[in-house]
Q: 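One structure, as structure tokens, below. Some questions next.
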Amino acid sequence: MLSKVHSATLLGLEAMVVTIEVDNFDGGQSSRFAIVGLPDNAVKESQERVQSALRVNGYKAPFKSVVINLAPADIRKEGTGFDLPMAIGVMLSFEFLQIENPERFMFVGELGLDGSILPVKGILPISIKARELGYEALFVPAENAREAAVVNKLKVYAVNHLNDIVNFFNGSVPVEPTLVNTREEFYSQLFNFESDFSEVRGQENVKRAFEVAAAGGHNIILVGSPGCGKSMMAKRLPSILPPLTLNESLETTQIHSIAGKLKKEDSLISQRPFRAPHHTVSDVALVGGGNTFMPGEICLAHNGVLFLDELPEFNRSVLETLRQPLEDRVISISRVRYNLTLPCSFMLVASMNPCPCGYHHHPTRKCVCTPAQIQRYMNKISGPLMDRIDIQIEVESVPFEDLAKAPKGESSTAIRERVLKARQIQNERYKGIKGIHCNAQMTTALLHQYVQLDDQAFSLLRTAMQKFNLSARAYDRILKVSRTIADLEGAEQVQRHHIAEAIGYRNLDRENWIE
């Protein structure tokens, strides 16, 4: 008897329906179990898991051959999520199970040898596809149920064992669909941050730079000696960024679902991601790819922050892969088996020491590096990459006396309120302009349109360009940052003091910085 059961496979962030066709026939003295339709090794090994799960639970098939086709047959099938639908297909084929109109349902899950159903990756995009195509219900492993139930207008059934499905369709054990109040859970976790800027004592100028960066979506690099608080402050940046919208959350959660980063109790990601890969990360791990596709760190940081600590220690070829994603906010990955375009709109936050020993410009400790050593150290970061970092700020060590006496810092909540007001101004300004949401994304044409300098501001900028020998690339960055500073003040026009503050955020562009 021929049976058909529906499941799904992932193509990047999208899911595609796969029909599992099962046929059995008399194989004579040489029975066989064949899986066709471009299965990878994990799918081929499903044969042993399916046969064992059926045998252990008393579903012993007659001496017949079984052929399973995964259609469409020209798309490569990967992963263990086809175990459950294959088992259901075999049971239908041998009439161990009766399901009226099985095409109404979708099944996804990995099988244990005893028939237990184990979690798989990428359930959320599969759930979205099931609703989009009008499936009545989706059967998933219990550990994936909350993730799948985020999608409304689709019944999601959590199953722990193969017998749970048999009992469901036999009507012997009623099973209730998993329900998740998506909006309630999302908004309840929106502002629950583990760390706060109020814990940072001193460093007011750096906190101000972070406020400007958050308000305009600007990339930022921190330069300072070891232990001065660079990483501590960077980790608190998500607490002052605008909260995720539901659409952003859904998109971010899909990426983390495909990567298998969601926990059993997770439904939607409600806070902006903060990714901090080690400096030994490979280019594939950073941008994504591999023989079996996996999202890279830049995709996992989508709608959030990518923090690169000790930037010069990263392999230069790895850093160069960031240039196109920082500009386009998408990453195109072309491999022999696939060609995918994925979103990766993130804020880049980097930190580094000012020199190999770490104490150049330190107020009390002597630097032992020569100017040539410092120059070589700085040259590990290419000009085109530095060109994409709007704010460059030196972080000075806070003396013990000042640290002990410093009052508690301003809270992230207070800073975030100012950031939100500035972002509202930008949302209104760029309304209707596709792909532009904040000042950091302004094109040259928009920059000329929205940053009009009076004589005093223009004169100051010209003087700074000549005195500090600032590069041409610094010009646009200063204008963008000054526009954000003006937005934080609610000023219609960029003024002289806005330009002055923006110039102060271009430390590494100054020709005499190494001296």
Side-chain angles (χ1 to χ4, degrees), residues 7-19 37-43 70-82 106 108 120-133 144 147-148 150-151 244 247-262 268-269 272-273 275 277 281-306 317-348 388 434-435 437 441:
S7 186
T9 190
L10 295 172
L11 298 175
L13 293 185
E14 294 290 326
M16 185 189 73
V17 174
V18 173
T19 302
L38 283 184
D40 72 347
N41 286 336
V43 179
L70 308 177
D74 60 340
I75 301 295
R76 187 170 180 82
K77 317 303 185 306
E78 299 175 339
T80 57
F82 298 110
M106 185 179 284
V108 182
V120 295
K121 300 175 182 177
I123 286 293
L124 181 55
I126 291 173
S127 181
I128 293 171
K129 177 60 71 172
R131 180 188 64 180
E132 179 186 319
L133 296 178
N144 294 130
E147 177 187 339
V150 163
V151 179
L244 283 171
N247 286 337
E248 287 177 331
S249 175
L250 189 62
E251 193 174 42
T252 304
T253 307
Q254 285 187 70
I255 297 172
H256 285 248
S257 172
I258 293 168
K261 301 295 184 182
L262 296 181
L268 275 179
I269 291 176
R272 295 191 180 273
R275 303 295 300 180
V281 66
S282 67
D283 53 352
V284 173
L286 190 66
V287 302
N291 290 331
T292 299
F293 169 74
M294 283 290 287
E297 290 291 337
I298 62 174
C299 294
L300 293 171
H302 180 56
N303 291 323
V305 176
L306 179 68
S317 65
V318 172
L319 293 180
E320 292 306 296
T321 63
L322 290 174
R323 288 162 56 176
Q324 179 261 333
L326 282 170
E327 197 72 27
D328 299 338
R329 300 186 180 271
V330 295
I331 175 71
S332 297
I333 303 174
S334 298
R335 300 290 184 269
V336 173
R337 293 178 179 171
Y338 53 83
N339 193 327
L340 302 171
T341 299
L342 299 153
C344 57
S345 179
F346 59 89
M347 274 185 66
L348 175 64
R388 289 161 172 81
K434 187 177 180 180
H437 306 287
Q441 300 170 353

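Keep in mind the model is a prediction, meaning the values are calculated, not measured.
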Q: Is a donor on one side and an acceptor on the other found under 3.5 Å between the side chain of Lys77 and the backbone of Leu70?
A: yes
Q: Using 0.5 Å steps for rounding, measure from the CG atom of Leu244 to the CG atom of Leu250.
A: 11.0 Å
Q: Any side-chain heavy-atom pair from Leu286 and Leu322 closer than 4.5 angstrom?
A: yes
Q: Mind checking whether Thr253 and Val150 have side chains closer than 4.5 Å, heavy atoms only?
A: no
Q: If I take atom OG from residue Ser334 and atom CG from residue Asn339, how far apart are they, to the nearest 0.5 angstrom?
A: 3.5 Å
Q: At their closest point, which heavy atom of Thr341 faces which heavy atom of Ser332, and how far apart are they?
A: OG1-OG, 3.5 Å
Q: How far apart are the closest heavy atoms of Glu297 and Pro277, and which atoms are they?
A: CG-CB, 3.9 Å
Q: Do the non-hydrogen side-chain atoms of Lys121 and Met294 ever get within less than 4.5 Å of each other?
A: yes
Q: Contact between Phe293 and Leu10 at the side-chain level, heavy atoms closer than 4.5 Å - yes or no?
A: no
Q: Any non-hydrogen side-chain atom of Leu262 less than 4.5 Å from a side-chain atom of Ile123?
A: no
Q: If you round to the nearest 0.5 Å, how far is CD1 of Ile269 from CD of Glu248?
A: 12.0 Å
Q: Take Gln324 and Ile331 through the test side chain to side chain contact (heavy atoms under 4.5 Å, CB included) and record every step on the way to the result.
A: CA-CA 7 Å; Gln324 179 261 333; Ile331 175 71; 3.6 Å; yes
Q: Of the non-hydrogen atoms in Pro325 and Cys344, which two are nearest, and what is the gap between them?
A: CB-SG, 3.7 Å
Q: Looking only at heavy atoms, what is the nearest atom pair of Glu147 and Gly122, with distance?
A: OE2-C, 4.4 Å
Q: I'd like to check Leu11 versus Ile75 (side-chain heavy atoms, cut-off strictly below 4.5 Å). Are they in contact?
A: yes
Q: Are the side chains of Leu300 and Pro273 in contact, using a 4.5 Å heavy-atom criterion?
A: no
Q: Given 3.5 Å as the limit, does a donor-acceptor pair link the side chain of Arg272 with the main chain of Asn303, or not?
A: yes
Q: Filter on salt bridge (charged side-chain N to carboxylate O under 4.0 Å, His left out), then keep only pairs touching residues 323-335, sequence neighbours left out; what's left?
A: Glu320-Arg323, Glu327-Arg388
Q: Test side chain to side chain contact (heavy atoms under 4.5 Å, CB included) on Gln254 and Ile128 and set out the steps.
A: CA-CA 10 Å; Gln254 285 187 70; Ile128 293 171; 3.6 Å; yes
Q: If you look at every heavy atom in Ser257 and Pro125, which pair is closest and at what distance?
A: OG-CD, 3.8 Å
Q: At what distance, to the nearest 0.5 angstrom, does OG of Ser345 lie from NE2 of His302?
A: 6.0 Å
Q: CD/Glu14 to NZ/Lys129 distance, rounded to the nearest 0.5 angstrom?
A: 5.5 Å
Q: Any side-chain heavy atom of Cys299 within less than 4.5 Å of one from Leu13?
A: no
Q: Can you name the one residue among Asn144, Ile255, Val151 that meets side chain to side chain contact (heavy atoms under 4.5 Å, CB included) with Leu124?
A: Val151
Q: Any chance the side chains of Thr321 and Asp283 put a donor and an acceptor closer than 3.5 Å?
A: no
Q: Give the minimum heavy-atom separation between Pro72 and Met16, together with the two atoms involved.
A: CG-CE, 3.8 Å
